[in-house]
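Working notes, structure below.
Hydrogens, waters and symmetry mates play no part in the numbers below; they use all other heavy atoms, side chains included.
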Amino acid sequence: MSRGGFSPARLARLHEVLSGYAQRGEVAGIATLLWRRGELHVDTIGCQDLARGEPIRRDTIFRIASMTKPVTAVAAMILVEEGRIGLDEPLDRLLPELADRQVLRQIDAPLQDTVPAHRAPTPRDLLTLRPGIGMILGPAERYPIQRAMTRLQLTGRKPATPHTPDEWIRRLGTLPLMYQPGERWQYHIGSEILGVLVARASGQPFGTFLQERIFRPLGMTDTSFQVPAAQLARFASCYQLSGTSGALELFDDARDSQWGRPPPFPSGGSGLVSTLDDYLSFSRMLLGGGRLGDTRILSRPGVQTMLVDYLSAAQKVGSGFYPGFWDNRGWGFGLSIITRRDSLFTTPGRFGWDGVYGTSWACDPAEDLIGILMTQRLSFDPRTRLTSDFWTLAYQAIDD
């Protein structure tokens, strides 16, 4: 048995099953990382670009999408620990554009049919995705508020928005909230607001703050909102499944990608690119209670504060990605937390999150385990078989 307690034969099973996804043309390539008790296993399968035939490598750069959210949460917690942000202070001081909120009487009401907010949103609301505004999961365009967000270009994918942070928050401030602050969990927008808040509180551009306070200290040299021109050869292209043929088709060419240019809006919800080893460093810092080696990013109590399920049953009602989404999980600061075991890999206390381009990450304190899956295929369903297979087979490889 290895020091990390993995079975070599069962790790080979993980490789065999994941290789099938590339062989069947369901993904272009896959990179995986398992770390347990200091032992590291990295596997690379397939191509990072099908047209050019470039293989996935350990240092391939991936769009990590919503795996950006935990990074943004750590940035905010740094400022909380320095006394520059109060978890429960109104956002008005730093984001006056969001002062004096009005709230829709109901989610499908006209934009003018509002009541005053019971209270101001707070940084805690942003961290837990309860500020009163977020993504509408489902046929969103039938709602006037969602049509207004689309018209104002507040959300999108290529790019997320064309506006600068100041213009984005100004436009957001012209809209009412969907729900009262703290009333309901709603995905994504809270993390976008949080990135603007970090920039305002620190007096630095959001990306600069991340580089100086998280990425550089942790040696995360390839994590950023932009892939430098000199590193584009390591950047994976992104694919999606054709709605007609089911075959892979190009979604974002690595050599002509929006991530090859500085974004007008550094998205705290979905904008970063990273690598296996960079995100491992971030993960080990969290699993180590805020410290990696001699470098401390957060205090242990600060990390522990992130890893609490802050949602009540009422705040979860009707807000998940699919029926049963909340059966075994809660939400802390910028990440999901497992609350009940119902499979091999749902250990209570396990925390992490996924990305819409096929990435998945978790830390399991009980097993002293970190797992990272990187691929680049657009999918709006977090229950993809590839992700489930990766985690099931990662945990079946534990041999102690």
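- The salt bridge (Lys or Arg N to Asp or Glu O under 4.0 Å) test applied to Asp256 returns Arg261, not counting sequence neighbours.
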Quiz prompt | Worked verdict on Arg350 versus Leu369 for side chain to side chain contact (heavy atoms under 4.5 Å, CB included) | solution = CA-CA 9 Å; Arg350 177 182 182 264; Leu369 170 71; over 6 Å; no
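- Met178 has its side chain out of reach of Tyr143: every pair of non-hydrogen atoms, C-beta onward, lies at least 4.5 Å apart.
- Cluster membership for Ile136 and Ile133, using ILVMFWY side-chain heavy atoms within less than 4.5 angstrom, is shared.
- Using modelled atom types, one finds no donor on one side chain facing an acceptor on the other under 3.5 Å when comparing Tyr357 with Asp252.
- Glu81 has no carboxylate O lying under 4.0 Å from a charged side-chain N of Arg296, or vice versa, which leaves the two without a salt bridge.
- Glu192 and Ser267 are linked by a side-chain donor-acceptor pair at a separation below 3.5 angstrom, with hydrogens and angles left out of the test.
- Within a 6.0 Å radius of CG in Asp100, other residues, nucleotides and ligands contribute 12 heavy atoms or fewer.
- For Gln376 (side chain) and Arg63 (main-chain N/O), a donor-acceptor pair under 3.5 Å exists by modelled atom type.
- Between Leu98 and Ile169 the shortest side-chain heavy-atom distance falls below 4.5 Å.
- Thr339 and Asp309 form no side-chain donor-acceptor contact under 3.5 Å, judged by distance and modelled atom types alone.
- The shortest distance between side-chain heavy atoms of Leu34 and Leu11 falls below 4.5 Å.
- Qualifying salt bridge (Lys or Arg N to Asp or Glu O under 4.0 Å) partners for Arg284, counting only residues two or more places apart in sequence or in other chains: none.
- Within the 4.5 Å cutoff, no side-chain heavy atoms of Gln258 are placed close to those of Pro263.
- A perpendicular orientation is assigned to the rings of Phe351 and Trp361, their planes being inclined by more than 60° (bins at 30° and 60°).
- Within the 4.5 Å cutoff, side-chain heavy atoms of Ile107 are placed close to those of Tyr179.
- Between the side chains of Ser66 and Tyr187, a donor-acceptor pair is found at a separation under 3.5 Å.
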Exercise. Begin with the C-alpha distance, continue with both residues' side-chain angles, and end with the deciding distance and a verdict on side chain to side chain contact (heavy atoms under 4.5 Å, CB included) for Ile30 and Leu386.
Key: CA-CA 10 Å; Ile30 302 168; Leu386 170 58; 4.0 Å; yes
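- Listed for the Glu54 side chain is no donor-acceptor partner under 3.5 Å among the backbone atoms of Phe235.
- Salt-bridge formation is not detected for the pair Asp49/Arg255: no Lys NZ or Arg NE/NH1/NH2 atom is positioned less than 4.0 Å from an Asp or Glu carboxylate oxygen.
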Under 3.5 Å, which donor-acceptor pairs link side chains of residues 72-79 to any protein atom two or more places apart or in another chain?
residue, atom, partner, partner atom, Å
Thr72, OG1, Thr68, O, 3.3
Thr72, OG1, Gly268, O, 2.7

Quiz item: For Thr161 and Leu154, what are the C-alpha separation, side-chain angles and deciding distance, and is it a side chain to side chain contact (heavy atoms under 4.5 Å, CB included)?
Solution: CA-CA 6 Å; Thr161 175; Leu154 296 175; 5.5 Å; no
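- At a threshold of 4.5 Å between non-hydrogen side-chain atoms, the residues Ile64 and Met374 count as touching.
- Between Arg170 and Glu167 there is a salt bridge, since a side-chain N of the basic residue sits under 4.0 Å from a carboxylate O of the acidic one.
- Using cut-offs of 30° and 60° for the angle between ring planes, the Trp185 and Trp326 rings count as perpendicular.
- The existence of a salt bridge linking Arg200 and Asp166 is confirmed by a sub-4.0 Å separation between a basic side-chain nitrogen and an acidic carboxylate oxygen.
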Quiz item: Are Phe206 and Phe225 close enough, and set up right, to give a ring pair (Phe, Tyr, Trp, His ring centres under 6.0 Å), and what steps lead you there?
Solution: CA-CA 10 Å; Phe206 183 42; Phe225 291 111; 5.7 Å; yes
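- Between Asp368 and Arg37 no salt bridge is recorded (no basic side-chain N to carboxylate O distance below 4.0 Å).
- Here the side chain of Arg10 pairs no donor or acceptor atom with the backbone of Ala397 at under 3.5 angstrom.
- By the 30° and 60° cut-offs, the orientation of the rings of Tyr322 relative to Phe325 is perpendicular.
- The aromatic ring centres of Phe333 and Trp331 sit 6.0 Å or more apart.
- The residues Arg52 and Asp253 are annotated as salt-bridged, a charged nitrogen and a carboxylate oxygen being separated by less than 4.0 angstrom.
- Side-chain atoms of Ser281 and Asp278 form no donor-acceptor pair, as typed in the model, at a separation below 3.5 Å.
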Quiz item: Should Ile214 and Thr223 be marked as a side chain to side chain contact (heavy atoms under 4.5 Å, CB included) after you check the CA-CA gap, both sets of side-chain angles, and the distance that decides it?
Solution: CA-CA 10 Å; Ile214 300 176; Thr223 304; over 6 Å; no
